[in-house]
Structures are given as C-alpha cells and as structure tokens.
Amino acid sequence: MSANKHQHEHSNEHNESCNCGHDHTHETHEHHHDEGCDCAQCNSDHYVHVDTHDMSIIGSVRCRINEGQDKSVEIIESKLKEVARAIEEQHGIIGHIKGTVIFEDVGIMILLVDDEAPTIREIKSNTSSIECVVITFNIDPDVLRDIMKENFKKYLDQ
C-alpha cells in the first residue's frame with residue numbers, strides 16, 4: 001500500500017481500542033432517520049440538538065413560527081445570520097448553515113355530528129415548520145447549543 005493511501009475497513013476490531021489512528025469516541029451522526037424512527041428528535045416538533053462528527057460540531061433546530069410565509073422566511077433568514085455572527089464572535093468556523101421553511105397554510109377540518117355525511121372545511125393557518133442545520137468547526141458544542149437556543153427560544157415554545 002502506498003504512503004498516500006489508508007486502508008480503513010470497518011470490522012468488530014475497529015473501535016475505541018484499535019490502533020488505526022482515528023478518534024472513535026464521538027457519537028454517530030445521522031441526518032436521516034427511517035419513517036418509523038421513535039427517537040425523541042424525530043418525535044418532537046421543537047428541539048435543539050448538537051452533536052459532533054470527526055472535527056465538526058453540528059447543530060440542528062426544529063420549531064414552528066406562527067407568522068405568514070413572507071414573515072417566516074424573513075425571520076429565519078435573520079435568525080440564521082444572528083447564529084452565524086455569534087459563531088464568528090466565538091472564533092468558530094462556519095462550514096455551512098441552512099434552513100428549511102415548510103408552510104402549513106391550509107388544513108382540512110372534517111366535522112361529523114352523526115354517522116352520515118361529514119362537513120369538510122378548509123382552514124387557513126399562518127404556521128410554518130422550521131428546520132435548520134449548522135455545521136461548524138472550532139467551537140465548543142455547549143456554546144453552539146446555547147447560541148442556537150438563545151436565537152430560537154421564542155419559536156421553540158410555539
């Protein structure tokens with residue numbers, strides 16, 4: 001094997017006590033969970049979660065905003081900029097920051113007063129689901145968690 005290549009096989013012997021040179025003390029980082037996942041993160045509409053993966057610190061937030069579409073996008077753009085400024089003030093390095101706003105502006109209400117024909121009504125809503133991910137370097141995970149909680153605290157309770 002040349003000096004530029006590194007053979008890296010996952011086996012039962014590749015763990016915290018092996019001598020491969022990698023740090024195996026970090027938690028596994030997963031962005032995607034199966035539909036049937038029952039972890040607290042997948043079953044909550046509101047959370048801030050921070051994890052590590054190799055040298056990176058990954059923060060995620062999920063919350064709701066009870067504003068219209070334009071206002072929700074404006075709020076998230078502002079909050080992500082505030083998070084970026086706070087990370088840079090702590091001398092952290094930003095890998096990338098992204099946010100997703102999913103609008104829930106129409107709902108359907110089905111009303112029954114007996115076992116006959118239901119009444120179906122459309123319901124307008126100003127609620128948006130928000131998911132944001134922050135990938136950073138050179139910042140303490142607890143500091144990133146505090147930054148995200150502080151910036152999204154108003155929306156974590158909605």
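Start at 1 with the first residue, then count along the sequence.
One distance of note links OG1 of Thr100 with NZ of Lys98; it measures 6.5 Å at 0.5 Å rounding. Atom CG of Asn151 and atom OG of Ser78 lie 8.5 Å apart (nearest 0.5 Å). In this structure, the separation between CG on Leu156 and CD1 on Ile130 is 11.0 Å, given to the nearest 0.5 Å. Between Leu80 atom CG and Met148 atom CE the span is 8.5 Å, to the nearest 0.5 Å. One finds the OG1 atom of Thr136 at 11.0 Å from the CD atom of Gln90 (value rounded to the nearest 0.5 Å). Taking OG of Ser128 as the start and CD of Glu67 as the end, the distance is 8.5 Å to the nearest 0.5 Å.
In the hydrophobic cluster analysis, where Ile, Leu, Val, Met, Phe, Trp and Tyr join through side-chain heavy atoms closer than 4.5 angstrom, Ile93 is grouped together with Met55.
Between Ile147 and the choices Ile87, Val134, Val48, Asp142, the side chain to side chain contact (heavy atoms under 4.5 Å, CB included) rule is met once, by Ile87. Residue Ile57 is tested with Ile135, Val50, Val143 for a side chain to side chain contact (heavy atoms under 4.5 Å, CB included); the sole match is Val50.
Heavy-atom minimum distance, Ile139 versus Gly92: CB-CA, 4.4 Å. The shortest heavy-atom contact between His91 and Asn138 is O-ND2, 2.9 Å.
Between Tyr155 and Ile75 there is a side-chain heavy-atom pair separated by less than 4.5 Å. For the pair Asp157/Lys153, no side-chain contact is recorded, criterion being any heavy-atom separation below 4.5 Å from C-beta on. Counting only heavy atoms from C-beta outward, the side chains of Phe152 and Ile65 never approach each other to under 4.5 Å.
Around atom NE2 of His96, more than 12 heavy atoms belonging to other residues, nucleotides or ligands sit under 6.0 Å away.
Under 4.0 Å is where a charged nitrogen must lie from a carboxylate oxygen, and between Lys81 and Glu77 at least one such pair does. Classification of Glu74 and Lys71 as a salt-bridged pair holds, one side-chain N sitting under 4.0 Å from a carboxylate O.
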